[in-house]
Enquirer: 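One structure, as structure tokens, below. Some questions next.
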Amino acid sequence: MSTYREIEINGEDIIIKEVQNFDLKDIFDCGQAFRWNKTESGSYIGVAFDRVMEVKKRGNDVILYDCSMEEFNKTWREYFDIDRDYSEIIEKLRVDETLKMACEFGNGIRILQQDPFELTISFIISANNQIPRIKKSIERISERWGRKIYYKGNEYFTFPTIDELKEAEVQDLEQCGVGFRAKYIYETIQKVLIDKEILNTIKAFEDDECHKGLVEFKGIGPKVADCIMLFSMGKYSAFPVDVWVKRAMMHFYVAPDVTLPKIRKFGRDKFGNLAGFAQQYLFYYARENNIL
DNA sequence: TGCCAGGAAAAGA
DNA sequence: TCTTTTCCTGGC
């Protein structure tokens with residue numbers, strides 16, 4: 001289902017009129033992206049797809065600064081999932097009392113569609129890690145191997161391409177603060193160097209096959225695979241079970257001693273092809289409210 | 001199947 | 001200041 005939205009050009013900027021369920025804090029604080037930061041003016045600046053993007057809300061309008069209609073249609077429309085009607089998803093999920101509460105809390109969430117290679121490396125780093133440190137590691141990797149770009153007089157760095165990372169050694173990666181995950185990142189780089197289309201191939205698979213393909217990488221377990229397929233491969237039956245979702249599920253649905261694979265199966269069976277959305281609402285609700 | 005090591009820094013006490 | 005926890009995976 002897609003809903004028509006009015007898109008306007010205003011000087012150098014794109015204005016998407018009257019967007020519902022689109023809140024910048026919800027989108028960038030729900031743990032799916034690591035390269036966006038809030039500015040003093042209330043906008044968010046991030047690096048994605050080789051450029052710096054600044055986004056701001058004005059009423060219910062979304063402004064994308066310095067962006068042509070062509071670029072918007074080619075890249076950001078899909079990235080911000082503009083054509084999806086989230087009220088329809090919330091309508092279906094809110095029959096469940098817990099989800100009703102979680103959806104109301106995080107009603108501005110959108111699941112971004114990011115670059116599979118960047119997401120794969122980023123979520124390998126995320127394993128048993130915390131967000132400030134994950135962000136720092138990704139910044140260091142970008143500074144070291146990415147391309148320097150400028151926005152409003154400030155320096156930014158693109159996330160490196162596979163070719164830019166081909167010389168990276170385990171030791172170099174360790175210097176970026178990724179710790180024991182360095183060898184997993186190194187092995188993933190080698191694997192992608194051998195077959196540069198491997199992530200696109202995996203992306204084209206059905207959801208379960210996609211998950212199987214991803215967990216074959218060192219450093220990618222069930223949780224990280226679910227994140228990669230949900231945030232960069234459009235696989236919405238994914239149900240990443242991290243510490244917060246586990247807490248939320250144990251709090252609201254299942255017995256305290258249930259294993260992670262069982263929680264994952266429970267979530268996927270319960271929410272079907274909306275599992276990924278349900279997970280995001282639950283995760284955000286649980287973490288922001290510090291539920292036990 | 002279940003347990004635990006594995007960076008280092010944030011968050012909590 | 002010190003201790004615990006951290007969006008978990010691999011290997012035993």
Side-chain angles (χ1 to χ4, degrees), chain A residues 25-37 102 105-106 109-112 114 118-141 144 168-191 211-233 235 238-252 255-265 267-268 275-292:
Chain A
K25 179 184 159 34
D26 292 350
I27 291 169
F28 297 124
D29 284 356
C30 71
Q32 59 180 325
F34 300 109
R35 301 209 68 197
W36 290 86
N37 294 107
F105 178 78
I109 289 177
R110 260 161 204 272
I111 296 186
L112 303 176
Q114 306 176 69
E118 176 176 338
L119 256 278
T120 299
I121 303 296
S122 299
F123 274 89
I124 288 174
I125 296 170
S126 81
N128 198 31
N129 208 342
Q130 33 201 24
I131 290 167
R133 206 158 74 92
I134 299 166
K135 290 176 95 167
K136 207 170 283 175
S137 296
I138 294 171
E139 282 318 304
R140 285 191 204 162
I141 288 173
R144 179 147 186 174
E169 299 292 339
V170 175
Q171 218 179 301
D172 304 324
L173 292 159
E174 275 170 355
Q175 287 171 359
C176 298
V178 300
F180 62 90
R181 307 162 192 87
K183 56 181 183 292
Y184 304 148
I185 298 170
Y186 177 81
E187 285 188 37
T188 297
I189 292 168
Q190 303 316 308
K191 201 164 167 173
H211 193 264
K212 278 183 197 160
L214 287 169
V215 295
E216 280 175 21
F217 286 73
K218 284 268 177 65
I220 301 183
K223 188 267 173 182
V224 168
D226 274 326
C227 288
I228 296 167
M229 64 192 268
L230 179 59
F231 303 141
S232 76
M233 297 181 175
K235 305 291 194 241
F239 194 77
V241 183
D242 54 63
V243 50
W244 290 103
V245 170
K246 182 181 158 215
R247 283 176 191 160
M249 294 298 280
M250 292 192 314
H251 189 82
F252 295 114
D257 56 343
V258 170
T259 60
L260 294 178
K262 281 183 180 164
I263 297 175
R264 177 172 189 265
K265 184 177 178 345
R268 296 189 79 210
F277 298 100
Q279 189 274 354
Q280 279 302 280
Y281 293 119
L282 280 173
F283 169 80
Y284 189 56
Y285 179 82
R287 205 190 57 168
E288 296 286 310
N289 294 289
N290 222 344
I291 69 148
L292 284 173

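So that the names make sense, note that chain A is the first sequence line, chain B the second, and so on, each numbered from 1.
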Enquirer: Would you indicate whether the side-chain heavy atoms of A/W36 and A/I27 approach each other to under 4.5 Å?
Expert: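 They are not in side-chain contact.
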
Enquirer: Is atom NZ of A/K191 surrounded by more than 12 heavy atoms (other residues, nucleotides or ligands) closer than 6.0 Å?
Expert: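 Counting other residues, nucleotides and ligands, NZ of A/K191 exceeds 12 neighbours.
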
Enquirer: Would you compute the distance between atom SG of A/C30 and atom CZ of A/R110 and round it to the nearest 0.5 angstrom?
Expert: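 Going from SG on A/C30 over to CZ on A/R110, the span is 12.0 Å.
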
Enquirer: What is the distance from CG of A/D257 to P of B/dC3, rounded to the nearest Å?
Expert: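 To the nearest whole Å, that distance equals 12 Å.
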
Enquirer: Does any non-hydrogen side-chain atom of A/I131 lie less than 4.5 Å from one of A/R287?
Expert: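 The answer is yes, as the side chains (C-beta and beyond) meet within the 4.5 Å cut-off.
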
Enquirer: Look at the side chain of A/R247 and the backbone N and O of A/A286, then say whether any donor-acceptor pair between them is shorter than 3.5 Å.
Expert: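 No, A/R247 side chain to A/A286 backbone: no donor-acceptor pair under 3.5 Å.
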
Enquirer: Show me, pair by pair, the donor-acceptor contacts under 3.5 angstrom made by side chains of residues 213-225 of chain A, not counting sequence neighbours?
Expert:
none

Enquirer: Test A/R35 against A/E139 for salt bridge (Lys or Arg N to Asp or Glu O under 4.0 Å), laying out the working first.
Expert: CA-CA 8 Å; A/R35 301 209 68 197; A/E139 282 318 304; 3.1 Å; yes

Enquirer: Base of B/dG7, side chain of A/N129 - is there a donor-acceptor contact under 3.5 Å?
Expert: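 No such pair is found, so the answer is no.
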
Enquirer: Once you apply a heavy-atom cut-off of 4.0 Å, does A/P240 come out as touching a base, just sugar-phosphate, or nothing?
Expert: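 Nothing, no nucleic acid heavy atom in range.
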
Enquirer: Return the value, rounded to whole Å, for the distance between atom CD1 of A/I141 and atom C1' of B/dG7.
Expert: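 Answer to the nearest Å: 14 Å.
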
Enquirer: Write down the protein N/O and nucleotide N/O pairs, taken from nucleotides 11-13 of chain B, whose separation is under 3.5 Å; answer none if there are no such pairs.
Expert:
none

Enquirer: Classify A/V224 by what it touches in the nucleic acid, base, sugar-phosphate, or nothing, heavy-atom distance under 4.0 Å.
Expert: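 Here A/V224 touches the backbone only, sparing every base.
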
Enquirer: Output the single nucleotide from C/dC7, B/dG7, C/dT9 whose closest atom is nearest the side chain of A/R181.
Expert: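 Ranking C/dC7, B/dG7, C/dT9 by closest atom to the A/R181 side chain puts B/dG7 first.
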
Enquirer: Would you mind telling me which of C/dT9, B/dA10, C/dC7 lies closest to the side-chain atoms of A/K136?
Expert: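 Out of C/dT9, B/dA10, C/dC7, the nucleotide with an atom closest to A/K136's side chain is B/dA10.
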
Enquirer: Can you tell me which nucleotide in C/dC7, B/dG2, C/dG10 comes closest to the side chain of A/Y184?
Expert: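 Shortest atom-to-atom distance from the side chain points to C/dG10.
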
Enquirer: Checking A/Q114 now: which residues fulfil side chain to side chain contact (heavy atoms under 4.5 Å, CB included) with it, not counting sequence neighbours?
Expert: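 Result, side chain to side chain contact (heavy atoms under 4.5 Å, CB included) vs A/Q114: A/Q32, A/A33, A/Y79, A/L112, A/L119, A/F231.
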
Enquirer: Specify the separation, in whole Å, of atom CD1 of A/I124 and atom C1' of B/dG6.
Expert: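 It is 16 Å, rounded to the nearest whole Å.
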
Enquirer: Work out how far the P atom of C/dC12 is from that of B/dG7, and round it to whole angstrom.
Expert: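 About 16 Å, rounded to a whole number of Å.
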
Enquirer: Could you check how far CD1 of A/I125 sits from P of B/dA8, rounded to whole Å?
Expert: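 Atom-to-atom, A/I125 to B/dA8, this comes out as 15 Å.
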
Enquirer: Under 4.5 Å between any side-chain heavy atoms of A/F105 and A/N289, yes or no?
Expert: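 The answer is yes, as the side chains (C-beta and beyond) meet within the 4.5 Å cut-off.
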
Enquirer: How long is the gap from CE on A/M249 to CG on A/L260, to the nearest 0.5 Å?
Expert: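 Answer for the CE-CG pair, A/M249 versus A/L260, is 11.5 Å.
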
Enquirer: Working to the nearest 0.5 Å, report the span between CD of A/Q130 and NZ of A/K136.
Expert: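 Spacing of CD (A/Q130) from NZ (A/K136) equals 10.0 Å.
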
Enquirer: Any base atoms under 4.0 Å from A/E187, or only sugar-phosphate, or nothing? Heavy atoms, all strands.
Expert: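 It contacts nothing in the nucleic acid.
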
Enquirer: Would you indicate which nucleotide in C/dC7, C/dG10, B/dG7 comes nearest to any side-chain atom of A/F180?
Expert: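 Between C/dC7, C/dG10, B/dG7, the one nearest the side chain of A/F180 would be B/dG7.
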
Enquirer: Grab the CG-C1' distance between A/L173 and B/dG7 for me, whole Å please.
Expert: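 Spelled out: CG on A/L173 to C1' on B/dG7 is 14 Å.
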
Enquirer: Mapping A/T259 and A/K183 to their closest nucleotides on DNA chain B, which lands nearer the 5' end?
Expert: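 Its nearest nucleotide lies further toward 5', so the answer is A/T259.
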
Enquirer: Tell me: CD1 of A/I134 to P of C/dT5, nearest whole Å?
Expert: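 That distance rounds to 18 Å.
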
Enquirer: Distances under 3.5 Å between protein N/O atoms and the N/O atoms of nucleotides 2-4 of chain C, please, pair by pair.
Expert:
none

Enquirer: Using the P atom in both, what is the distance from C/dT9 to B/dA10, to the nearest Å?
Expert: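 Comparing P positions in C/dT9 and B/dA10 gives a spacing of 23 Å.
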
Enquirer: Indicate, with a heavy-atom threshold strictly under 4.0 Å, whether A/I131 touches base, sugar-phosphate, or nothing.
Expert: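 Since a base atom lies under 4.0 Å of A/I131, the category is base.
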
Enquirer: Where each pair must be Watson-Crick or G-U wobble with both distances under 3.5 Å, what dot-bracket representation of DNA chain B is obtained, with crossing pairs in [ ] and other-strand partners as |?
Expert: .|||||.||||||

Enquirer: What is the distance from NZ of A/K223 to C1' of C/dT6, rounded to the nearest Å?
Expert: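 From A/K223 NZ to C/dT6 C1': 11 Å.
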
Enquirer: Does A/Q32 or A/F217 map to a spot on DNA chain C nearer the 5' end, using the closest nucleotide for each?
Expert: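 With A/Q32 and A/F217 compared, the 5'-side residue is A/Q32.
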
Enquirer: Can you tell me the distance, in whole Å, between the CG atom of A/D242 and the C1' atom of C/dT9?
Expert: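 Rounded to the whole Å, the gap is 14 Å.
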
Enquirer: Could you go through residues 238-246 of chain A and list every donor-acceptor pair under 3.5 Å that involves a side-chain atom there, pairing it with any protein atom two or more places apart or in another chain?
Expert:
unit_1 : atom_1 : unit_2 : atom_2 : d
A/D242 : OD1    : A/W244 : N      : 2.8
A/D242 : OD1    : A/V245 : N      : 3.1

Enquirer: Would you measure the distance from the C1' atom in C/dC7 across to the matching atom in B/dG2 and give it in whole Å?
Expert: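 Pairwise C1' distance, C/dC7 against B/dG2, rounds to 22 Å.
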
Enquirer: What is the distance from atom CG of A/L230 to atom CD1 of A/I111, rounded to the nearest 0.5 Å?
Expert: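 One finds 4.5 Å between CG of A/L230 and CD1 of A/I111.
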
Enquirer: To the side chain of A/A127, which of C/dC7, C/dT9, B/dG6 is closest?
Expert: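 Comparing C/dC7, C/dT9, B/dG6 against the side chain of A/A127, the answer is C/dT9.
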
